[in-house]
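Only a predicted model underlies this, so the values are computations on that prediction, with no experimental measurement involved. We name chains A, B, ... by the order of the sequence lines, and we start the count at 1 in each one. All heavy atoms count here, side chains included; hydrogens, waters and symmetry mates do not.
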There are 2 protein chains.
Amino acid sequence: MNGKIFIIEDEPSIIQLVQHNLEKNGFIVSSSLNGNDGLKELKKFQPDLLLLDWMLPDLSGIEICKNIRKDNSFKNLPVIMLTAKGEEEDKIKGLDSGVDDYLTKPFSFNELMARIKAVLRRSNPNTVSDNLKFDDLMLDRIEKRVFRDDQEIKLGPTEFRLLEFFLTNPKRVYSRDQILESVWPNNVNVESRTIDVHIRRLRQSVNLKNKKELIRTVRSSGYSLI
Amino acid sequence: MNGKIFIIEDEPSIIQLVQHNLEKNGFIVSSSLNGNDGLKELKKFQPDLLLLDWMLPDLSGIEICKNIRKDNSFKNLPVIMLTAKGEEEDKIKGLDSGVDDYLTKPFSFNELMARIKAVLRRSNPNTVSDNLKFDDLMLDRIEKRVFRDDQEIKLGPTEFRLLEFFLTNPKRVYSRDQILESVWPNNVNVESRTIDVHIRRLRQSVNLKNKKELIRTVRSSGYSLI
DNA sequence: TTAATTTGTAACAAAATTGTAACATTTGAA
DNA sequence: TTCAAATGTTACAATTTTGTTACAAATTAA
């Protein structure tokens with residue numbers, strides 16, 4: 001069993017217990033003690049599954065869940081909700097907000113483990129498109145779409161391939177020759193300056209207002225994401 | 001998915017939730033809040049499947065189940081029993097009374113749906129037509145019909161196969177080659193441009209007025225639903 | 001059989017993409 | 001600071017890709 005699991009839960013003892021046991025089972029685990037932190041951390045951590053407490057000090061689990069579903073890159077993130085006993089009638093709301101499964105506290109770790117496995121198995125490999133992500137950028141290779149923070153960015157074919165190429169190794173600086181070899185079809189001959197123009201086009205599309213520059217020019221070396 | 005489902009369950013919130021979601025998935029649903037009413041309604045409704053609560057105000061789920069099995073017309077009616085947590089050890093008794101599957105509350109709707117499909121498929125493979133849905137579009141593979149928001153759309157054979165193919169993985173972008181391989185009979189040789197023409201024909205049929213475009217062109221890559 | 005429908009292709013129209021040149025601006029070394 | 005090299009920017013024509021239509025051949029229904 002492998003995969004990354006994120007926990008949002010305000011009870012430290014539960015976090016400790018669950019995290020420890022999950023890690024013993026080969027998962028990579030991270031966690032937050034409240035909703036707002038959780039939502040931020042989530043993006044950095046890019047988990048394969050989320051364990052979400054129902055009652056949190058700031059946001060409710062429901063609110064978090066709805067929030068998550070709005071985010072394109074987490075549209076398919078499986079969520080298991082942890083509810084305390086007696087909150088059961090609220091379940092209706094929970095199901096509509098897109099929770100995949102429930103677990104009522106107190107629960108045994110085996111029980112949790114079984115649910116996690118089931119949910120991960122269920123999260124259909126077909127629907128999980130392999131996305132490339134970097135910062136607030138997301139490129140969906142299956143659907144051929146690019147988003148920056150949920151806002152779709154329309155790219156031409158070459159711009160798309162160019163961005164896709166950079167995203168396979170973000171931060172790495174590529175020379176114009178390397179870019180040509182990888183992004184252009186073999187045995188085409190284009191001026192290396194052509195890349196500059198395409199970089200400009202990509203920049204124009206990707207650099208939405210209020211967003212920081214994503215493509216760095218490294219003088220005399222090439223370009224990279226940053 | 002179609003079929004008639006009857007629910008006997010004394011908790012109105014659960015009925016509401018389940019009924020609403022099942023109907024959204026194309027089932028016809030009726031319900032009763034107690035065992036005696038349920039048994040009567042059942043005969044009128046003639047369901048294809050019964051969701052049965054374990055603990056009811058008058059009769060227990062077990063008793064109802066045994067009762068049903070005596071009736072010749074319901075001898076093979078599939079039953080899924082809903083049990084509350086903690087009644088688990090009683091399951092053994094349940095199995096003897098002819099229940100087809102169990103679900104422990106609380107359960108997610110996805111879980112319920114999966115069980116329903118499984119049980120229906122097992123008991124009556126013919127009545128379970130597996131429909132493909134996307135947005136307001138519905139394609140019935142059994143009856144070979146297509147609807148958009150209840151309005152039937154007449155398609156030619158190739159258009160039908162084409163749409164069917166797209167619906168197995170909506171949003172995913174397929175190249176013309178992939179489309180050719182999957183939609184056309186093997187070893188036929190048709191120009192790849194032929195697809196464009198069929199796409200146009202499909203678009204013309206599927207894009208009713210006041211409806212948004214359903215087929216996306218991804219330049220230099222192919223087509224997808226959107 | 002005849003009539004209707006479906007299908008593939010060619011031909012042209014429309015739209016989007018691409019490469020390059022030409023000029024502007026920035027950068028960093030001397 | 002000065003200047004040459006590197007990069008940014010723009011406009012545009014050529015090319016590629018897709019949309020659309022018409023039509024004849026093939027298939028199916030009546």
Side-chain angles (χ1 to χ4, degrees), chain A residues 144-146 152-166 173-209 211-226, chain B residues 144-146 152-166 173-207 209 212-226:
Chain A
K144 304 256 190 232
R145 276 137 69 86
V146 175
E152 178 157 12
I153 293 169
K154 300 277 185 188
L155 298 180
T158 306
E159 284 155 62
F160 187 91
R161 292 202 311 278
L162 195 55
L163 181 59
E164 187 180 15
F165 172 65
F166 278 118
V173 177
Y174 289 102
S175 73
R176 289 180 178 68
D177 281 345
Q178 289 176 308
I179 296 173
L180 264 188
E181 270 194 25
S182 306
V183 175
W184 267 257
N186 286 340
N187 60 48
V188 294
N189 255 33
V190 289
E191 302 277 331
S192 107
R193 285 305 310 280
T194 298
I195 288 162
D196 300 28
V197 178
H198 278 283
I199 288 283
R200 152 137 175 95
R201 287 172 181 155
L202 183 56
R203 273 184 172 140
Q204 216 161 21
S205 311
V206 158
N207 291 344
L208 306 178
K209 61 180 180 303
K211 294 284 174 183
K212 69 170 201 281
E213 174 73 46
L214 262 182
I215 300 171
R216 177 170 65 127
T217 305
V218 183
R219 190 160 233 266
S220 81
S221 292
Y223 299 96
S224 81
L225 295 192
I226 187 71
Chain B
K144 305 268 185 212
R145 276 138 65 93
V146 175
E152 178 156 14
I153 292 169
K154 295 284 184 185
L155 297 180
T158 307
E159 284 156 62
F160 186 90
R161 292 202 310 279
L162 194 54
L163 182 58
E164 184 180 16
F165 172 65
F166 277 119
V173 176
Y174 288 102
S175 72
R176 290 180 177 71
D177 282 344
Q178 289 176 308
I179 295 173
L180 265 188
E181 271 194 24
S182 308
V183 175
W184 268 257
N186 285 340
N187 59 48
V188 293
N189 255 33
V190 288
E191 300 279 329
S192 107
R193 286 304 310 281
T194 299
I195 288 162
D196 300 30
V197 178
H198 280 282
I199 288 282
R200 157 147 170 86
R201 287 171 181 155
L202 182 56
R203 273 185 172 139
Q204 220 160 19
S205 313
V206 157
N207 291 344
K209 61 179 180 302
K212 68 170 204 283
E213 175 73 47
L214 261 182
I215 300 172
R216 175 170 73 125
T217 304
V218 182
R219 198 156 233 266
S220 84
S221 291
Y223 299 95
S224 80
L225 295 192
I226 186 72

A.B. asks: What does Thr194(A) touch in the nucleic acid at a heavy-atom separation under 4.0 angstrom: a base, only the sugar-phosphate, or nothing?
C.D. replies: base

A.B. asks: Between residues 153-163 of chain B and DNA chain C, which residues have a heavy-atom gap below 4.0 Å?
C.D. replies: Pro157(B), Thr158(B)

A.B. asks: Whole-Å distance between dT17(D) C1' and Asp177(B) CG?
C.D. replies: 15 Å

A.B. asks: Of all residues at least two apart in sequence or in a different chain, which pass the salt bridge (charged side-chain N to carboxylate O under 4.0 Å, His left out) check with Arg193(A)?
C.D. replies: Asp196(A)

A.B. asks: Under 3.5 Å, which donor-acceptor pairs link side chains of residues 153-166 of chain B to any protein atom two or more places apart or in another chain?
C.D. replies:
residue, atom, partner, partner atom, Å
Glu159(B), OE1, Ser205(B), OG, 3.1
Arg161(B), NE, Val183(B), O, 3.0
Arg161(B), NH2, Val183(B), O, 3.4
Glu164(B), OE2, Arg141(B), NE, 3.0

A.B. asks: Measure from CG on Leu202(A) to P on dT9(D) and round the result to the nearest Å.
C.D. replies: 13 Å

A.B. asks: Examine dG19(C): is either OP1 or OP2 under 4.0 Å from a nitrogen or oxygen in the side chain of Trp184(A)? Give yes or no.
C.D. replies: yes

A.B. asks: So which heavy atom on Lys212(B) is nearest to which on Ile226(B), and how close?
C.D. replies: CE-O, 3.9 Å

A.B. asks: In sequence, state the C-alpha distance, the side-chain angles, and the governing distance for Ile179(B) and Glu181(B), and then conclude on side-chain contact (heavy atoms from CB on, under 4.5 Å).
C.D. replies: CA-CA 5 Å; Ile179(B) 295 173; Glu181(B) 271 194 24; over 6 Å; no

A.B. asks: Atom CD1 of Ile215(B) and atom CD1 of Ile199(B): how far apart are they, to the nearest 0.5 Å?
C.D. replies: 5.0 Å

A.B. asks: Rounded to whole Å, how long is the line connecting atom CZ of Arg216(A) with atom C1' of dG8(D)?
C.D. replies: 18 Å

A.B. asks: Just list the side-chain donor-acceptor pairs under 3.5 Å for residues 217-224 of chain B, sequence neighbours left out, or say none.
C.D. replies:
residue, atom, partner, partner atom, Å
Thr217(B), OG1, Arg203(B), NH2, 2.6
Tyr223(B), OH, Arg176(B), NH2, 3.2
Ser224(B), OG, Arg216(B), NE, 3.4

A.B. asks: Who passes side-chain hydrogen bond (donor to acceptor under 3.5 Å, both in side chains) against Glu152(B), sequence neighbours left out?
C.D. replies: Arg145(B)

A.B. asks: Within this structure, what is the CG-to-C1' distance between Asn189(B) and dT9(C), rounded to whole angstrom?
C.D. replies: 13 Å

A.B. asks: Establish, with yes or no, whether the OP1 or OP2 oxygen of dG8(D) is under 4.0 angstrom from a side-chain nitrogen or oxygen of Thr217(A).
C.D. replies: yes

A.B. asks: So what does Val188(B) hit on the nucleic acid, given a heavy-atom distance under 4.0 Å: a base, only sugar-phosphate, or nothing?
C.D. replies: nothing

A.B. asks: Taking only the side-chain nitrogens and oxygens of Tyr223(A), find out if one of them lies under 4.0 Å from OP1 or OP2 of dG8(D).
C.D. replies: yes

A.B. asks: Under 3.5 Å, which N/O atoms of the protein pair with N/O atoms of nucleotides 20-22 of chain D?
C.D. replies:
residue, atom, partner, partner atom, Å
dT21(D), OP2, Arg200(B), NH2, 2.3

A.B. asks: Protein-nucleotides 26-30 of chain D N/O pairs closer than 3.5 Å?
C.D. replies:
none

A.B. asks: Tell me the interatomic distance from Leu180(B), atom CG, to dG8(C), atom C1', rounded to whole angstroms.
C.D. replies: 12 Å

A.B. asks: Can you measure from CG (Leu214(B)) to CG (Leu202(B)) and round to the nearest 0.5 angstrom?
C.D. replies: 9.0 Å

A.B. asks: Over the length of the helix from dT1(C)-dA30(D) to dA30(C)-dT1(D), how much do the five-pair end axes diverge, rounded to 10 degrees?
C.D. replies: 30°

A.B. asks: For Ile195(A) and dT9(D), give me the distance from atom CD1 to atom C1', rounded to whole Å.
C.D. replies: 17 Å

A.B. asks: Which one, dA15(C), dA10(C), dG19(C), comes nearest to the side chain of Arg219(B)?
C.D. replies: dA15(C)

A.B. asks: His198(A) has a side chain; which of dT9(C), dG19(C), dT18(D) sits nearest to it?
C.D. replies: dG19(C)

A.B. asks: List for me each residue that meets side-chain contact (heavy atoms from CB on, under 4.5 Å) alongside Gln178(B), sequence neighbours excluded, and say none if there are none.
C.D. replies: Arg172(B), Tyr174(B), Ser175(B)

